[in-house]
Number of protein chains: 2
Amino acid sequence: MPAQDRADLGAMVMHLGRRILAMERPILARHDISMWGYVVLSALRDQPMRTQVALATSIGADKTRLIAVLDELQRRALIRREPDPADRRARLLGLTPAGRRLHQRIRADIRAAEQDLLAALAEADRTTFLAALAILDDPPPGQPE
Amino acid sequence: MPAQDRADLGAMVMHLGRRILAMERPILARHDISMWGYVVLSALRDQPMRTQVALATSIGADKTRLIAVLDELQRRALIRREPDPADRRARLLGLTPAGRRLHQRIRADIRAAEQDLLAALAEADRTTFLAALAILDDPPPGQPE
DNA sequence: TATTGTTATACTCTATAACTATA
DNA sequence: TATAGTTATAGAGTATAACAATA
């Protein structure tokens, strides 16, 4: 494909993103968890958080949007959410063992689906693609997003 | 980066997509056109359409959502939109010369911004990345999206 | 009866403002 | 006074339903 005639980068990336999200939706439904619920589990698996505001910022969400998600995850005993003894305004957030196990199961399913999708690429191209994605995803400091 | 520790594909792609859209927003604003307006100009540049439904389908939008967009583009004389003499229910859609010129100017600005973004990749990786994106974006027939 | 375009309406998602409790 | 969490409200974006014109 001549580079000049390709579709806009934004259009291609967003289109692929919607395709991936559509692929993930039934997996999440099977595990009875929302997209935001999964995002929260993933974030807390990477590191526990000291406040809900910090969690919201780290996943690019509004703090008010998180509350219903956290309520549900806590109700199902997938996360810990307890007042910080040192500052009782804050809520210490982390995964419970059950939350960690559920996240691992969901992620395994999603990884399998990703492999199906990426099977359209040759092995070397797949590696290059993922590496490029990681680079573009993480802009160098000093260039505000 | 070990493949097992990378972020989910969907998260990376959607994050990059939002980054690109944020990059495009000021460009579109400078040309006084909405995101959907630009999408419509792009689609009609690729090929004229016989109905608004066909246009809506081709860009993944709802037909009702298009109407305000088409009203505005027509008001600014950027598109043609006339009843098909052979079937007066349908509206023949296409770019005017002014619409074609505006699309070309906007696309040039967007391409320039894309180059800045892609400059984070080595030349060979950039080529591979764009080719991979085009492949993943266009799933083989028989695999419904 | 089916289809195109349109309008009006409802729904979903998200952000904003206001409140409480702590500091 | 400032911040964390929460609730209530408003807004944007989108989809659904109903309609008129045409086939």
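Excluded from the calculations below are hydrogen atoms, water molecules and symmetry mates; all remaining heavy atoms, backbone and side chain alike, are included. Lettering of chains follows the sequences in order, A, B, ..., and the numbering in each one begins at 1.
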(message) Considering every strand and a 4.0 Å limit on heavy-atom distances, what is the contact class for D62(B): base, sugar-phosphate, or nothing?
(response)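 Base contact.
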What is the separation between atom [atom1] on [X] and atom [atom2] on [N], rounded to the nearest whole Å?
| X | N | atom1 | atom2 | answer |
| --- | --- | --- | --- | --- |
| D84(B) | dT22(D) | CG | C1' | 12 Å |
| K63(B) | dT3(C) | NZ | C1' | 8 Å |
| R81(A) | dG5(D) | CZ | C1' | 8 Å |
| D87(A) | dG5(D) | CG | C1' | 11 Å |
| W36(B) | dG13(D) | CH2 | P | 12 Å |
| L66(A) | dA4(D) | CG | C1' | 13 Å |
| R65(B) | dA10(C) | CZ | C1' | 16 Å |
| M35(B) | dT14(D) | CE | C1' | 16 Å |

(request) Begin with the C-alpha distance, continue with both residues' side-chain angles, and end with the deciding distance and a verdict on ring pair (Phe, Tyr, Trp, His ring centres under 6.0 Å) for H31(B) and Y38(B). (result) CA-CA 10 Å; H31(B) 291 282; Y38(B) 177 66; 9.1 Å; no
Go through [options] for me and flag the one nearest to the [X] side chain.
| X | options | result |
| --- | --- | --- |
| A90(A) | dA4(D), dT4(C), dA23(C) | dA4(D) |
| T64(A) | dT4(C), dT6(D), dT22(C) | dT6(D) |
| I67(A) | dT6(D), dT4(C), dT16(D) | dT6(D) |

(message) Using salt bridge (charged side-chain N to carboxylate O under 4.0 Å, His left out), reason through R19(A) and D137(B) one step at a time and then give a plain yes or no.
(response) CA-CA 8 Å; R19(A) 191 181 161 212; D137(B) 218 43; over 6 Å; no
(request) Applying salt bridge (charged side-chain N to carboxylate O under 4.0 Å, His left out), run through R50(A) and D84(A) and close with a yes or a no. (result) CA-CA 8 Å; R50(A) 209 186 61 80; D84(A) 182 349; 3.3 Å; yes
(message) Looking only at side-chain N and O atoms, does R80(A) offer a donor or acceptor that is under 3.5 Å from a partner on Q74(A)?
(response)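 No, no side-chain donor-acceptor pair sits under 3.5 Å.
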(message) Taking only side-chain N and O atoms of R89(A), does any of them lie within less than 4.0 angstrom of OP1 or OP2 on dT3(D)?
(response)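 No.
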(message) If you compare every side-chain N and O of Q52(B) against the phosphate oxygens of dT3(C) (OP1, OP2), does one of them come in below 4.0 Å?
(response)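 Result: no.
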(message) If you assign each of R88(A) and R91(B) to its closest nucleotide in DNA chain C, which residue comes earlier from the 5' end?
(response)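 By nearest-heavy-atom nucleotide position, the 5'-most residue is R91(B).
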(message) Around atom CD of Q104(B), are there more than 12 heavy atoms from other residues, nucleotides or ligands closer than 6.0 Å?
(response)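 Open: at most 12 neighbouring heavy atoms sit under 6.0 Å from CD of Q104(B).
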